[in-house]
Amino acid sequence: MSLQILRKASSRTQNPNHLSSIVLSKLTRSFSQLSSQSKPSSSFGIAFDIDGVVLRSDVPIGGSPQAFRRLYDDSGRLRVPYVFLTNGGGFPESKRAHELGQLLGVKVSPSQVLQAHTPFKQLVSKFQNELIVAVGKGEPAAVMSDYGFRNVVSIDDYAACFENIDPLAPHKKWTTKLVGNPDSAIRDLVRRERGQAVFILSDPVDWSRDIQVLCDILRTGGLPGREIGHQPQLYFAHDDLAYQAAFPSERFGLGAFRIALESIFNRVHPHPLKYTTFGKPNSFVFKNAEFALKQLVSSVPDNVSVANHETAGSHQFKTLYMVGDNPLVDIKGARQAGHPWFSILTRTGVFKGKENHDKFPADLVVDTVEEAVDYVLKKESTS
C-alpha cells in the first residue's frame with residue numbers, strides 16, 4: 001500500500017513514509033480516553049465522511065442520528081468502532097467532536113474525529129518555536145496552538161501588522177469582523193522574524209486579501225515588503241475542488257483556492273510554487289484511519305487480544321467501510337487504499353447519480369447514510 005501523501009507540486013518537501021511512521025506512533029498515545037467504553041466489534045470498522053453524508057451545514061441528513069445510535073448499545077456505549085474521516089476542519093478536534101455528539105445524540109470522542117489538518121500536529125517538532133501563519137475559516141490559530149506550535153499567528157492578525165498590505169480593505173464591509181487586532185507582542189514578532197511556514201487548514205474567507213498576503217510571504221522568504229527570498233514551507237490540509245454545503249449544487253473548496261494561489265504566484269515569481277497537500281484521497285489518510293480504528297478497539301481493557309498498544313498494529317480487520325458522497329475523494333481514496341477497504345457512495349451530497357460513478361465506481365451505492373449503516377450491520381450480523 002502506498003503511503004504517498006503528496007499531490008501535484010513542483011517540489012516534494014516531505015518524506016511520506018517518514019511522516020507516516022511519526023503519525024502512527026504518536027496516534028497510539030491519543031486513545032487512552034476511550035478505555036471506559038465497552039468492547040466494540042473488532043472484525044470491521046467504519047469511516048464516515050461528514051459534509052454531504054452525515055450533515056449538510058449543521059443539519060443532520062439521511063437519517064444520520066438514527067443510524068449512529070445503532071452503533072452503540074442500550075447504555076450508550078460504543079459497540080462498533082468508527083471514525084469521522086473528513087477533509088473539513090478549522091476547529092479543534094475536541095470542539096468538533098462535541099458538536100457532532102450534540103447533533104447526532106451520541107457520545108463522540110475527539111480521537112474519533114480525523115480532520116484533514118489533524119496530521120499537522122506531527123510537524124510540531126520541526127516548527128514548534130518558529131513563526132508560522134495559520135489560514136482558513138474557523139479557529140486556525142487556536143488549532144495549531146493546541147497542537148503545540150508556540151508562535152502561531154492567524155492571517156487576520158498577520159495582515160493587520162502591515163499597513164496598506166490589503167489595498168481593498170477600505171472597501172470591505174463585513175457583517176462579521178475579519179480584521180485582526182494583534183497586540184504589540186505579535187506585531188513585534190511578525191516584523192522581526194521571518195515566517196517559516198504557512199498552514200492552510202480550511203477554506204479561506206477573504207480570497208483577495210489572503211492571496212495577496214500569502215504571495216507577499218512566500219515571495220520574500222517570510223518578510224512582506226522585502227526583497228525576493230527563499231520560499232517558506234506551504235501546507236494545504238486538503239485539495240478538494242468542491243464539496244456539498246447547504247446550496248443545492250456543490251461549492252468551491254480549498255482545492256479551488258490552491259489553484260488560484262498557485263496560478264497567481266507562478267505569474268509573479270520566477271520559480272513555481274512549492275507545496276504539500278494532505279487529506280483524502282491520499283492513501284496515507286486511509287492508513288491513518290485504519291490505525292485509528294485499531295486503537296479504538298485496542299484501548300478497551302477487556303479486549304485482551306489487542307489490548308497492548310504495541311501490538312495493536314498487528315490486529316487485522318476483515319473489512320473497513322468508507323461511507324462518502326464524493327467519488328473523486330472518498331471512493332477514489334478507498335479504492336487506492338485497497339484491502340480491507342469497502343467503499344459505499346451515498347446520494348445525499350456531491351454524488352446524485354442514479355447509477356454508479358463511471359470513473360470511480362463504489363462497491364455499493366445507497367441513498368443515505370442510514371441505508372449504508374443498515375447494510376453494514378446486516379452484512380456483519382450485528383444489528
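This structure is a prediction, so every number in the text was calculated from the model and none was measured.
In the displayed structure, Arg267 atom CZ is contacted under 6.0 Å by at most 12 heavy atoms of other residues, nucleotides or ligands. Summarising the local packing, CZ of Arg226 is surrounded by 12 or fewer heavy atoms from other residues, nucleotides or ligands at distances under 6.0 Å. Within a 6.0 Å sphere centred on NZ of Lys352, heavy atoms belonging to other residues, nucleotides or ligands number more than 12. Counting non-hydrogen atoms of other residues, nucleotides and ligands closer than 6.0 Å to CZ of Phe252 gives a total of 12 or fewer. Within a 6.0 Å radius of NE2 in His357, other residues, nucleotides and ligands contribute more than 12 heavy atoms.
Scored by the ring-ring contact (aromatic ring centres under 6.0 Å, His included) test, Phe91 finds no partners at all (sequence neighbours excluded). When the ring-ring contact (aromatic ring centres under 6.0 Å, His included) test is applied to Phe162, the partners found at least two apart in sequence or on another chain are Tyr158. Listed by chain and residue number, nothing satisfies the ring-ring contact (aromatic ring centres under 6.0 Å, His included) test with Phe351 (two or more places apart in sequence, or in another chain). The side chain to side chain contact (heavy atoms under 4.5 Å, CB included) check on Ala372 picks up Val323, Ile344, Val366, with sequence neighbours excluded. With sequence neighbours left out, the ring-ring contact (aromatic ring centres under 6.0 Å, His included) criterion links His271 to His269. His238 meets the side-chain hydrogen bond (donor to acceptor under 3.5 Å, both in side chains) test with no other residue; sequence neighbours excluded. Residues that satisfy the side chain to side chain contact (heavy atoms under 4.5 Å, CB included) test with Ala242, not counting sequence neighbours, are Glu250. Partners of Ala142 according to the side chain to side chain contact (heavy atoms under 4.5 Å, CB included) rule, which considers only residues two or more places apart in sequence or in another chain, are Glu139. Listed by chain and number, the residues in a side chain to side chain contact (heavy atoms under 4.5 Å, CB included) with Asp358 amount to none (sequence neighbours excluded). Looking at residues two or more places apart in sequence or on another chain, you find no side-chain hydrogen bond (donor to acceptor under 3.5 Å, both in side chains) involving Asp146.
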Given the rule in the side chain to side chain donor-acceptor pair (under 3.5 Å) test, do Ser154 and Asp156 qualify, once you have shown the distances and angles that lead to the verdict? CA-CA 5 Å; Ser154 71; Asp156 292 340; 4.8 Å; no
Worked verdict on Gln336 versus Trp341 for side-chain contact (heavy atoms from CB on, under 4.5 Å): CA-CA 9 Å; Gln336 289 179 163; Trp341 287 95; over 6 Å; no
Intermediate values then yes/no, side-chain contact (heavy atoms from CB on, under 4.5 Å), Gln244 and Asp51: CA-CA 6 Å; Gln244 184 65 60; Asp51 295 320; 5.8 Å; no
Does the side-chain contact (heavy atoms from CB on, under 4.5 Å) test come out yes or no for Phe360 and Val329, once each step is laid out? CA-CA 9 Å; Phe360 299 108; Val329 176; over 6 Å; no
Going through the checks in order, is the salt bridge (Lys or Arg N to Asp or Glu O under 4.0 Å) test met by Asp74 and Arg79? CA-CA 10 Å; Asp74 292 339; Arg79 70 186 184 104; over 6 Å; no
Please lay out, stage by stage, how Tyr275 and Leu261 fare under the test side-chain contact (heavy atoms from CB on, under 4.5 Å). CA-CA 11 Å; Tyr275 58 87; Leu261 174 63; over 6 Å; no
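Clustering ILVMFWY residues whenever any of their side-chain heavy atoms sit less than 4.5 angstrom apart, transitively, puts Val153 in the very cluster that holds Ile200. Under a hydrophobic clustering in which Ile, Leu, Val, Met, Phe, Trp and Tyr are joined whenever their side-chain heavy atoms come within less than 4.5 Å, directly or via other members, Phe84 and Leu103 fall into the same cluster. In this structure, Leu223 is not a member of the same hydrophobic cluster as Val213, with clusters built from ILVMFWY side-chain heavy atoms closer than 4.5 Å. Residue Ile217 is grouped with residue Leu131 when hydrophobic side chains (ILVMFWY) are merged at heavy-atom distances under 4.5 angstrom, including chains of intermediate members. Under a hydrophobic-cluster definition in which Ile, Leu, Val, Met, Phe, Trp and Tyr are linked whenever side-chain heavy atoms come within less than 4.5 Å, directly or via other members, Leu328 and Val53 are assigned to different clusters.
Residues Glu371 and Tyr375 form no side-chain contact, since every pair of their non-hydrogen atoms from C-beta on lies 4.5 Å or further apart. In this structure the side chain of Asp49 never reaches within 4.5 angstrom of the side chain of Asn326, judged on heavy atoms. Side chains of Phe284 and Pro119 form a contact here, defined as non-hydrogen atoms less than 4.5 Å apart. The closest side-chain heavy-atom distance from Leu364 to Phe342 is below 4.5 Å. Gln316 is not listed as a side-chain neighbour of Pro340, based on a closest heavy-atom distance of 4.5 Å or more. The closest side-chain heavy-atom distance from Leu234 to Leu214 is not below 4.5 Å. Inter-residue side-chain proximity for Ser111 and Leu296 is flagged as unmet; no heavy-atom pair is nearer than 4.5 Å. Taking the side chain as every heavy atom from C-beta outward, Ile165 and Pro224 approach each other to under 4.5 Å.
Each of Ile331, Asp330, Leu345 was evaluated against Met322; a single residue qualifies, Asp330, per the side chain to side chain contact (heavy atoms under 4.5 Å, CB included) test.
Between Ser57 and Ala246, the shortest heavy-atom distance links the atoms OG-CB, 3.3 Å. Closest approach of Ser43 to Glu380, counting heavy atoms only: OG-OE1, 3.9 Å. Closest non-hydrogen pair, Leu78 versus Tyr82, comes out as CD1-CE2, 3.5 Å. For Gly148 against Val124, the heavy-atom pair with the smallest separation is O-CG1, 3.8 Å.
Among residues at least two apart or in separate chains, ring-ring contact (aromatic ring centres under 6.0 Å, His included) pairs with a member in residues 191-220 are Phe120-Phe199, Phe127-Phe199, Phe149-Phe199, Phe199-Tyr235, Trp207-Phe257. Within the structure, salt bridge (Lys or Arg N to Asp or Glu O under 4.0 Å) contacts touching residues 342-351 (residues at least two apart or in different chains) are Arg347-Asp367.
Atom-to-atom distance recorded for Asn356:CG and Ser343:OG is 8.0 Å, nearest 0.5 angstrom. With rounding to the nearest 0.5 Å, the separation of CZ in Phe286 from CZ in Arg335 is 12.0 Å.
For Asp239 and Arg258, the salt-bridge test passes: some basic side-chain N is under 4.0 Å from an acidic carboxylate O. A salt bridge between Lys172 and Asp166 is present, with a side-chain N of the basic residue lying under 4.0 Å from a carboxylate O of the acidic one. Classification of Glu93 and Arg96 as a salt-bridged pair fails, no side-chain N sitting under 4.0 Å from a carboxylate O.
Between the side chain of Lys280 and the main chain of Leu85, a donor-acceptor pair closer than 3.5 Å is present. Without hydrogens or angle criteria, Asp203 side chain to Lys137 main chain gives no donor-acceptor distance under 3.5 Å. Remark: side-chain polar atoms of Asn151 are paired, donor with acceptor, to backbone N or O of Asn129 under 3.5 angstrom. Ser145 places a side-chain N or O within 3.5 Å of a backbone atom of Ala141 that can act as its donor or acceptor partner.
A cation-pi arrangement is absent between Lys379 and Phe44 under the rule of less than 6.0 angstrom and at most 45 degrees off the ring axis.
Below 30°, between 30° and 60°, or above 60°: for His117 and Tyr147 the angle between ring planes is between 30° and 60°, a tilted geometry.
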